[in-house]
Amino acid sequence: MAAPESLRTVVLGSCVGLGTELMIRAMRGICTGSLLNADTGRATTRARIEDWNSVLSLYEHTAEVKRLSA
């Protein structure tokens with residue numbers, strides 16, 4: 001009777017180990033995806049800020065010309 005109990009323990013331990021391994025791999029994949037999304041978001045934000053800075057300088061120049069001519 002000890003043999004079936006021992007086998008059950010081994011199988012249960014293997015299933016728990018496999019489940020844990022699958023959870024870890026899934027979480028790593030999620031974390032990697034999140035990091036890639038964050039990097040992409042930062043790059044996009046940086047590009048938009050640079051675009052707006054170049055446009056803003058045009059408005060600042062126009063406002064200064066109007067102020068000097070007034």
Side-chain angles (χ1 to χ4, degrees):
M1 200 149 194
E5 192 63 37
S6 176
L7 180 61
R8 189 176 302 139
T9 303
V10 170
V11 170
L12 182 61
S14 295
C15 289
V16 169
L18 178 62
T20 303
E21 180 67 25
L22 291 174
M23 290 288 291
I24 290 170
R25 287 180 185 214
M27 295 302 282
R28 283 184 183 156
I30 291 169
C31 291
T32 301
S34 294
L35 290 173
L36 291 174
N37 286 339
D39 289 341
T40 302
R42 279 191 289 274
T44 302
T45 301
R46 190 176 305 119
R48 287 181 181 171
I49 289 172
E50 289 173 4
D51 288 346
W52 278 108
N53 281 336
S54 64
V55 171
L56 183 61
S57 66
L58 296 174
Y59 285 109
E60 289 172 348
H61 178 36
T62 304
E64 187 173 328
V65 168
K66 285 182 180 179
R67 185 177 54 87
L68 292 175
S69 65

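Hydrogens, waters and symmetry mates are skipped; everything else that's a heavy atom, side chains included, is used.
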**Q.** salt bridge (Lys or Arg N to Asp or Glu O under 4.0 Å) pairs, two or more places apart, involving residues 17-26
**A.** Glu21-Arg25
Donor-acceptor pairs under 3.5 Å, side chain of residues 35-43 to any protein atom, not counting sequence neighbours: which ones?
| residue | atom | partner | partner atom | Å |
| --- | --- | --- | --- | --- |
| Asn37 | ND2 | Gly33 | O | 3.4 |
| Asp39 | OD1 | Arg42 | NH2 | 2.4 |
| Thr40 | OG1 | Leu36 | O | 2.9 |

Q.
List the residues meeting side chain to side chain contact (heavy atoms under 4.5 Å, CB included) with Ile49, not counting sequence neighbours, and say none if there are none.
A. Thr45, Asn53
Q.
Test question: given the 4.5 Å side-chain rule for I, L, V, M, F, W and Y, name all other residues clustered with Leu56, or answer none.
A. none
**Q.** Pairing residues for Thr20 by the side chain to side chain contact (heavy atoms under 4.5 Å, CB included) criterion, not counting sequence neighbours
**A.** Val16, Ile24
(Q) Run the salt bridge (charged side-chain N to carboxylate O under 4.0 Å, His left out) test against Glu50 and tell me which residues pass, sequence neighbours left out. (A) none
